[in-house]
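Here the structure comes first, spelled out in structure tokens, and everything after it is commentary.
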Amino acid sequence: MDTVTLTIDGREVTVEKGKTVLQAAIDNGVQIPYYCYHPGLGIDGSCRVCIVKIEKLPKLQTSCSTPVAEGMVVSTQTPEVVEARASVFEFLLINHPLDCPVCDKGGECPLQDFSYSFGPNESRMEFPRRVFDGEGVRADVDFGPTLMLNRNRCILCTRCVRFMREIDTDPQINIVDRGYGSEIATFQEEGVHSLLSGNLMDVCPVGAITTRDYRFKSRPWDNPDAVDTICTLCEKGCNTTAWLKAKPEWAKGARLIRITPRFNPDVNDYWMCDIGRFDYRWIEGDNRLQKPLLRSEAGVLEPTDWRNVVGKVADRVTAAGGPSALGFLVSGHASLEELALIGRLGGTLGLREEGVAVGWRRREKPQAPGAKFKIPPVDAPNLMGAADMGFPVRPTSSGDADLAAFRGDVEAGRITVLYVFDPGPEGTLGDVSWIVEARQSGRLQHLIVQGVLMTPLAAAADIVLPGAAWVEKDAAYVNEQGRLQGAARAIAPPGEAMEDWQILVNVGLALGAPLTYTSSQEVRAEIAAGLGDNPRYAGLAELAFARPTAAGNWLKTSNPSERWKWDFMFQDLPPVKFVGKPGATSWMNGIPLTEVE
Amino acid sequence: MEPVLTRYIREPNSYTLDFFLKHDGYNGLKAALGMEPNAVIDLVKASGLRGRGGAGFPTGLKWQFVLKDTPLPKYICCNADESEPGTFKDHVLMERNPHLLFEGCLIGCRAIGAKVAYIYIRGEFFHVQKVLEAELAKAYAQGYVGKNIMGTGFDCDIVIHRGAGAYEAGEETALIESLEGKRAQPRIKPPFPAVSGLYNCPTAVNNVETLCNLPSILLNGAEWFTSLGPEKNGGPKLFCVSGHVKKPGTYEASMSTTLHELIYGHAGGIRDGHQLKAIIPGGSSVPILLPHELEIPASFDAVAQVGSMLGSAGIIVMDETTCMVWAARNLLYFYKHESCGKCTPCREGGDWLHRILTKIENGEGEMRDIDLLTSIGSNIAGKTLCAFGDAAATPALTTVKHFRPEFEAHVREGRCTVPADWRAARTPVAH
């Protein structure tokens, strides 16, 4: 790696050649504010707040657009720079409504945080502010099915414009009009229609673009816990952070309050899709399975307890008349641990190879052909893992799960007890109406469903075992690239629902399998031992899972490359002010108290 | 000085190809085609020709910077987006002498190795565009533009592109963006257009008047050209004198002519019964000069020495009836209206300045507003992406600097104290 050594504020730093002064500063903990710069987007150089003094250059330079050079001497704190920067902040704020108390970005707003650190203490603007669509809440206008736009708050950094142009490659957003009247707009106010639209909220450095999902739902200080995890809604496995709202267990409402992308240059960069971002409300929704259910003699599904239901599962399987009458339909959402246990179970029972099938759903996601962030069509996080574990992952020519033979066995009554493992959101197992039909017509005698939602499939079952969604258990998955990743337990499963590995261990024990696992970690260790020669699983035994972390410590526990995000969300910059009192810092240090005389 | 560029503009048919050919037309190009491209650049360098668009950057040097060692095509972009208030020289050249511009474009292309020149013409110059297009068609038909020019094997096209009406499109990188079909907003420099310009290819952006000077340099040589003006400010120069003079208009003169001579000689002096109050020597975006500062040559260097700029040589003359608050507000209205809005200080600051000036002009100003003007002005200047920010701040800064008592009087009296004529007395435009 070619490196360049330069001096920033008297400190010698060495960075990769080709980086900009701003990147060099961020990498080395020198604080320079920025708005139009985003590490995942092209350089614009338009917001002007990152200006610094570079020796031998007559004018102040924008650090975001100046490449580092050997021996360059940069200063970010000389009076000239501090004053110039403050003046740009004054310009940025003269038309920005100071409605932070009601703005969704408030508390995690770069404009707020950087202004406190670098801006002037007061504005000299005395004229009415620029208003686009109306004052106050009237300024919030539709910006497509997922977003709202508030043009009064916009500082025209054009990150959203560049995101759509460069990453989505369907440039739906641009600026209309010019100069003082410039406004962010879509053609004929149609709004943004893209599966990547949620990222626009992430890149927006002010509260101009908010998501309909999260707006008015919580404040940053109300969701103090964050858990680094992954998304399992498709085979991409985007790295994400699950945000938890502080709430007593008995209080109404959800704990999981939003999901945001987490930087991973190898998987998802800075982005995630709207499906992963917005399809989480079911996890704490009313349709979750909270208790084991058993079909009574009257034909009604009634709640029961675990001890009873596990015994009943064992009875049904034993009564089925041998392993040939037993079938397992496993969702592509099954984690490595769950697959291993199902494998052990099948081994104990002497299950035929044709008695196991893996199902998934395939949906083409409508995206611009050149999109830099592609959402894969298969909605299953672990097909690669299932194949490695020896499960029959059989796609048809169109990429769907080929279940024809398995379905034939069920519909012909050759399989009399069907155990369906379906821990994903509704529909991700693919079409299961044939199972419901087979059960209702009596060709299938017993249907056991281990799942998370009261789907038509669960409703048709004789026994329902309530499992956990991906944010409720520590589980390992292998994405489409063959990358082993772990989804962490951010919240507990609802009611009496259990982590799926536990359910499978209990069922196995009831069936007489010699299972001695007391944690999912032990299951992983065994898989790792079994797949030891496959380098993909080298890290499996020691796979670490994040725990809910106080957002303040989040950066420290998180990957160091997360620095950029911290810059976004939790600014904690030392005040560099050119006038006024010291002591104004972001909320992270607590609210600065003024002594009362 | 005998006019060079505008010698024939008063002849009825000066714009036609026939007329042009009878008066040395395309002979400069012929000479250039007989030379090595580098020799053309050297000749232009030796002539010391400086860009006539405003910055006065040596043209030969600009061409030399155009990346040679590249498989990419190279382009000449002619900046015909003449929109600076007080400037109307390129307009005359294009309307009355279009072939001179074509010849200049072709010489430029020859020098840097371009196969096409784009003439980016201001959106409002509809009638000029018509003349250019008609004459370009004739030049194509007679083999002066296009394939195998004058049988020499040199191929070069000229494309006329009309802008959509934005002052900012006159900034060279914004012009390139606009030419590419994007919003006319400036790019970050570096890279400069000479390295990565139109379609990310090496590009030279030259002003109309600059290119029009080339044929005569090729014909008469560098020495002749330098001899026409003071050192480093050679060649003929067009001056646009406007405002309170008897004969406003475009005048061709040497840059050794004094500003005083241009105003009192060429333009006939201040209108009767009035005295000169101030001039803006280089289009609306340069600092004001006062009557006692006019005995200097109207050259790039001499005007810069007294703290202003020759710029586009649009000399705006104001007599004692001009209210300086009004003048500043008038100009700021232009700049806030024309700001492209890309970068913060210019977008936000221009409007702020305009609002404060309007407030003062309306008699509602406070004394602190005057300092605020200076402060905002200097906060904009030097912090923007392109030179527009400096241009927008200048009218406010320079009027306050030279005519502060007038601002104070406005604030104190709550009205204009200048014996202003009808314009200054008019109700201000609402912002």
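The basis for the numbers below is simple: all heavy atoms, side chains too, and nothing from hydrogens, waters or symmetry mates. Here is the naming used below: chain letters follow the sequence lines, and residue numbers restart at 1 for every chain.
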> Salt bridge between A/Arg129 and A/Asp99, side-chain N to carboxylate O under 4.0 Å?
Replying inline: no
>> Tell me whether A/Arg151 is salt-bridged to A/Asp133, with the criterion being a basic N under 4.0 Å from an acidic carboxylate O.
In response: yes
> With a 4.0 Å cut-off, would you call B/Glu364 and B/Lys359 a salt bridge?
Replying inline: no
> Any side-chain heavy atom of A/Met125 sitting closer than 4.5 Å to one from B/Arg355?
Replying inline: yes
> Are side-chain heavy atoms of B/Lys336 and B/Leu353 found at a separation under 4.5 Å?
Replying inline: no
> Could you name the residues of residues 376-395 of chain B that have a heavy atom within less than 4.5 Å of a heavy atom in chain A?
Replying inline: B/Ile376, B/Asn379, B/Ile380, B/Gly382, B/Lys383, B/Thr384, B/Leu385, B/Asp390
>> For chain A, which candidate among B/Glu168, B/Arg368, B/His337 shows the most heavy-atom pairs at distances under 4.5 Å?
In response: B/His337
> Where do B/Thr344 and A/Cys47 come nearest, in terms of heavy atoms and distance?
Replying inline: OG1-O, 3.0 Å
> Side chains of B/Thr399 and B/Phe407: does their closest heavy-atom pair fall under 4.5 Å?
Replying inline: yes
>> I want to check a possible cation-pi pair here: A/Arg130 against A/Tyr180, using under 6.0 Å from ring centre and within 45° of the ring axis as the test.
In response: yes
> Looking at side-chain heavy atoms only, is the closest gap between A/Val49 and A/Phe114 below 4.5 Å?
Replying inline: no
> Can you find a side-chain donor-acceptor pair between A/Arg124 and B/Ser375 that sits under 3.5 Å?
Replying inline: yes
>> At a 4.5 Å cut-off on heavy atoms, which part of A/Leu156 comes close to chain B: side chain, backbone, both, or neither?
In response: both
> Which one, A/Gly181, A/Cys157, A/Pro128, A/Cys36, leads in non-hydrogen pairs under 4.5 Å with chain B?
Replying inline: A/Pro128
> Is it the backbone or the side chain of A/Ile94 that comes under 4.5 Å from a heavy atom of chain B, or both, or neither?
Replying inline: side chain
> Is any residue of residues 179-199 of chain B within less than 4.5 Å of chain A by heavy atoms, and which ones?
Replying inline: B/Arg183, B/Ile188
Scan the side chains in residues 54-64 of chain A for donor-acceptor partners under 3.5 Å anywhere in the protein, sequence neighbours excluded, and list what turns up.
from	atom 1	to	atom 2	distance (Å)
A/Gln61	NE2	A/Lys59	O	3.3
A/Thr62	OG1	A/Ser65	OG	2.6
A/Ser63	OG	A/Cys50	O	2.9

>> For A/Val161, which atoms come within 4.5 Å of any heavy atom of chain B: side chain, backbone, both, or neither?
In response: neither
> Going by distance alone, is a donor N or O of one side chain under 3.5 Å from an acceptor N or O of the other, for A/Ser182 and A/Arg178?
Replying inline: no
> Charged N to carboxylate O below 4.0 Å: is that the case for A/Arg159 and A/Asp44?
Replying inline: no
> Between B/Tyr120 and B/His161, is the ring centre distance below 6.0 Å?
Replying inline: yes
> Are A/Asp170 and A/Arg165 within salt-bridge range, i.e. N to O under 4.0 Å?
Replying inline: no
> In residues 301-311 of chain B, which residues are in contact with chain A at a heavy-atom separation under 4.5 Å?
Replying inline: none
